[in-house]
Every structure is written in structure tokens, then in C-alpha cells.
**Q** 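Next up is a structure, given as C-alpha cells.
What you see below is based on every heavy atom in this structure, not just the backbone, and it leaves out hydrogens, waters and symmetry mates. Protein chains get the first letters and strands the later ones, always in sequence-line order, with residue 1 at the start of each.
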2 protein chains.
Amino acid sequence: MPSDDANPNPLLSERIRIALADEIMAGALAPGQALDEQQIGDRFGASRTPVREALRQLAAAGLVEIRPRRGAIVGGFTAERIVEMFEMTAEIEALCVRLAAWRMTPVERSRLARLHDESEAMVANNDIDGYDRLNWEFHRTIYEGTHNSFLAEQAIALRDRMAAFRRTQLREEGRPVRSRGEHEKVLEAIMRGDGEEAARCMRAHMFNASIALERFTAKREPAPNN
Amino acid sequence: MPSDDANPNPLLSERIRIALADEIMAGALAPGQALDEQQIGDRFGASRTPVREALRQLAAAGLVEIRPRRGAIVGGFTAERIVEMFEMTAEIEALCVRLAAWRMTPVERSRLARLHDESEAMVANNDIDGYDRLNWEFHRTIYEGTHNSFLAEQAIALRDRMAAFRRTQLREEGRPVRSRGEHEKVLEAIMRGDGEEAARCMRAHMFNASIALERFTAKREPAPNN
DNA sequence: TGTTCCTCTAGTGTATGCAAGATCGTTTCT
DNA sequence: AGAAACGATCTTGCATACACTAGAGGAACA
């Protein structure tokens, strides 16, 4: 069947999964709304089979809820839940950095410092995407610094789920500068091997990011209807 | 919902998922081994469709790895990885209890104390399964005490993944008594609202459970051959 | 009029069939 | 003989067909 688009990923279920995830994140699908397999399949020109696979994946990621024999509904992505996700993310990040401050090798510490240095130019040029990329690398290096690959995987998965909010948050005026300043404090604590202090700084960092997101979205979208 | 055997769930895919999960946990399937859909389907008297669903679920839970168009293989469940999982579980439990100590309502605190009281009889009668059930309730009450439902869900999911190891751990001679003693210390710290101390006690509790598991499995299975 | 039971339908769970891609052995060329 | 190309075969990805259950809605009854 000749496709009408040039998607490099040949897996239909994957494409559906991504598309549905985007729509849910963007709020195009209201929480609690029923997701009919046939209907979604028609919308993507696919049969129910790949749709089902996509829905299972999304259920595992927490974006939809599946009740056996009763179909799937959009998961509750309310403002309250987003706050909860931010809190958990902050605590996981704090946990990672606490362990990392104790366990990172000199090579890893050096890499972290280098990443932080490189980010200075991005902030100066107001290159949001570039800083976002380095930001990601910074946190990822910390995850790996825990020397607990299971924990690192979980942290990465969690961060992926929050990716949409994270980038938004950086668009607030002056946020990248302050974000980098917070990174600096985290970095210093890591260099001193002070895990508890690093954790405190990281918690503050995530909290500030959360606040920035709230302010930014409140400005752009004054009344989120229910 | 924890997978108790008394569940007459008529969903074939679910039964297959549970069975495969058990086999992987028990080490009956070696890490890296290929999982042929047809073959598994034959083994359960099912077609490939429910097998596929089960494999997707397991992939989401991290038990198997799926390479597109190249099939599924058993995920790396090495001894090192189990240690990592225990560490993360311990930290998550510590995080939950820290928040719970600050946020639990009097009603919730009372319920927790009651659960702890009830467990005394189980320990006295050496009722492992009964204590395991109350143990689960105890921890679950703490999760909910965080008043962060997202965090609670993640903690429950993690605990489910470790369920097999957790019950094993309690079979060590005298472990239930000591486990209950550790709970008592956690409970006291919660009652005082001392989150940091509660977290420390919980970390120690989980660490001891991990050690108990290691000793128990080392005794029963001196040489895990492959 | 309110309740209970039944039927009917919409929609999920499973089986089967078909096509595309991956693996591996064979063949052919240098 | 070694390496690259080719093709047979096996497995996955997707489509379609059938089975079975949960709810909705109406009919029968108190």
C-alpha cells in the first residue's frame, strides 16, 4: 500500500503512538474521553491492530487508562497532576544528584563541568533549543553518574514524559540565565562531593522550573476550560 | 491490582503476561534469549495476538526488550541489576515516607498504626502470606500518605515489579520479626512528623530486606547455572 | 410510576491470513 | 579461497474475520 507521506519510521503503531501522545499532551483530547479503536484507526488509515498496540504503549506510559473489555480513555492530565509529576521529577533528580555527587568519577565530573561551560554561549545568544539540548546532556550525565543504570533509565523515562513542559518552561523571559545559575550551584556541590547540598539545589532548580512553566502558561492561556 | 492467583481474569493476554513475568523473574528464561511469538502462543494454546499484547506490556515494564521487526528478547535481569532495582526501590520508599511524615492526615496516621498492630499476630503465628499482605498495605498507606497520586502510582508499579523478590525475602528465618521491628521505627518517626528520620529508617529497612534476600537465595541456590 | 429483566448493539478480545523485512546459507565473482 | 551478492525461509507487522462481553434501551411486571 503506497503511503502518502515520507515517514522514516516504518512502524505504523509507533507513528500512531507518537501522534496520540502529542494530542493528549497538547490537550486536544480531554481527560476521560473514550478512545474508540476503530475510529482512531480510520483517522490514521490503519486497522485496529496497530491502534491497539499504540494504546497499550500509552497506557504503560500513563497517558491513557485501559479498562479490560471497556476500552481506553484519556488519562487525567489535569493541572494538579502536572504539579504532582513535577514534584516527583524534582525528587528523582534530587535523588540522582545526591548519589552522583558521591559516586561520579573524575572523568564524569570533568565532562559535567565542560557541558556547563559550553552552555554559557547558548544562554548569551538566547539559543533556547541549543540550551535545551545541553540542559538535557547535563542532567543525563548526572543520571549516569549514579552508576545505577536502572535508576538512570527510570529518570530518563520520566524526563521524556515531561519533555513537552520542560522546553516550554525555558521560553519565559530570562529563565535560561537563571536556569544556568542554578545549574552552577548544583555543579559546585557535586564538585565538593556534598550530595545533600546538591540535592537541595536540584530541588530548588526543579521548583523554579515548575514555577516558570506555571507563569508562562498562565500568561499564554489565561483560562484553561474544563 | 496485585496479581493474586485467585484472580479469574478471563483475559488471555493478561494470563500470558503474568506467566511470562513469573518465568523471567524466576530465571527460567535466560537474559537475552529470543522470545518467539508463535512458539509462546503454542505453549499457552493461544494465537500470536494475545502473546504480542503480553510482550508489549512486559516491554513497558522493562522485563523484555523489543527490537522493531526483530522480535523480543528477555531483558537483562542480572544479579547486578537486581541490586540496582533494590537501591532504587529503597530510595523511592524513603522519598515517600519522608513526604508522608509531613503530609499524612491524622486519619491516615491512625490507619497506619492499626495496620502495624494487626501485623503482630501474623508474625507471632509465622503467617508469611498474611504478613506479606499487611506489609503491602502498610507501604501502600504510606504511598497514599504522600498525597501525590502520581508518585504513589509509580511506587506501586515499582513494588509490583519487585513482588517476587519481596515475598522470598520474608522466608528467611526470623526475618518477619525483624521486619516488623523496622516498621515500628518507621512508624514512630512518622508519628513524630520527622520525615528525614523516617526516610533513614526506611532506607535501612529496605537494605535489610535486600540483604535477607541475598542470604536466602545464596543458601538455596548456591550456583545459578545457565 | 418505578423496578427488573431481557434483548440488542456497539466495541473489545482473539484467531487467522497475507505481505514486508530480517537472518542465514548458498552461489558467484574476483 | 575469501568476499560480496543473492535468494530461501522464518518471523514480525498489519489487515480482516469471528466471538464474546458490557451497557443501553425498551418491555414486562409490581
Side-chain angles (χ1 to χ4, degrees), chain A residues 1-21 23-24 29-76, chain B residues 1 3 5-21 23-24 29-76:
Chain A
M1 190 83 54
S3 60
D4 45 355
D5 59 355
N7 196 320
N9 191 340
L11 252 58
L12 196 47
S13 61
E14 200 69 1
R15 272 174 36 210
I16 295 174
R17 199 203 60 168
I18 307 268
L20 285 180
E23 290 181 16
I24 292 175
L29 299 170
Q33 177 173 343
L35 295 168
D36 186 272
E37 294 177 357
Q38 183 71 42
Q39 183 177 323
I40 294 173
D42 291 347
R43 209 151 67 72
F44 287 94
S47 83
R48 282 176 49 219
T49 310
V51 174
R52 282 177 67 82
E53 308 238 331
L55 287 176
R56 304 294 164 156
Q57 301 276 118
L58 292 171
L63 288 175
V64 309
E65 189 183 337
I66 294 185
R67 290 103 30 104
R69 291 192 191 280
R70 297 181 55 199
I73 61 177
V74 178
Chain B
M1 194 187 294
S3 57
D5 302 316
N7 189 355
N9 192 331
L11 252 58
L12 198 46
S13 60
E14 200 69 2
R15 278 183 16 222
I16 295 175
R17 198 202 60 163
I18 307 269
L20 285 180
E23 290 182 16
I24 292 175
L29 298 170
Q33 177 173 343
L35 295 168
D36 186 89
E37 294 177 357
Q38 184 70 45
Q39 184 177 322
I40 294 173
D42 292 346
R43 207 151 68 71
F44 286 94
S47 83
R48 283 175 49 222
T49 310
V51 174
R52 283 176 68 82
E53 307 241 332
L55 287 176
R56 304 293 166 158
Q57 301 275 121
L58 291 171
L63 288 175
V64 309
E65 189 183 338
I66 292 187
R67 290 100 34 101
R69 295 198 183 276
R70 297 182 57 201
I73 61 175
V74 178

**Q** How would you list all residue pairs meeting side chain to side chain donor-acceptor pair (under 3.5 Å) that involve residues 57-76 of chain B, not counting sequence neighbours?
**A**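 Matches after skipping sequence neighbours: none remain.
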**Q** List in chain and number order the residues that pass salt bridge (charged side-chain N to carboxylate O under 4.0 Å, His left out) with A:Glu53, two or more places apart in sequence or in another chain; answer none if no residue qualifies.
**A**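 Salt bridge (charged side-chain N to carboxylate O under 4.0 Å, His left out) check on A:Glu53 returns B:Arg52, B:Arg56.
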**Q** For A:Ala59, give me all partners under side chain to side chain contact (heavy atoms under 4.5 Å, CB included), at least two apart in sequence or on another chain.
**A** A:Val64, A:Ile66
**Q** So which pairs with a foot in residues 39-49 of chain A pass side chain to side chain donor-acceptor pair (under 3.5 Å), sequence neighbours left out?
**A** A:Glu23-A:Arg43, A:Glu37-A:Arg48, A:Gln38-A:Asp42
**Q** Suppose we screen for side chain to side chain contact (heavy atoms under 4.5 Å, CB included). Which residues come up paired with B:Leu63, at least two apart in sequence or across chains?
**A** B:Ala21, B:Ile24, B:Met25, B:Leu58, B:Phe77
**Q** Measure the distance from CD on B:Gln57 to P on C:dG13 and round it to the nearest whole Å.
**A**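 Those two atoms, CD and P, are 11 Å apart.
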**Q** Take nucleotides 5-16 of chain D nucleotide by nucleotide from the 5' end and write B, S or -, depending on whether a protein heavy atom sits under 4.0 Å from the base, only from the sugar-phosphate, or from neither.
**A** ------SBBSBB
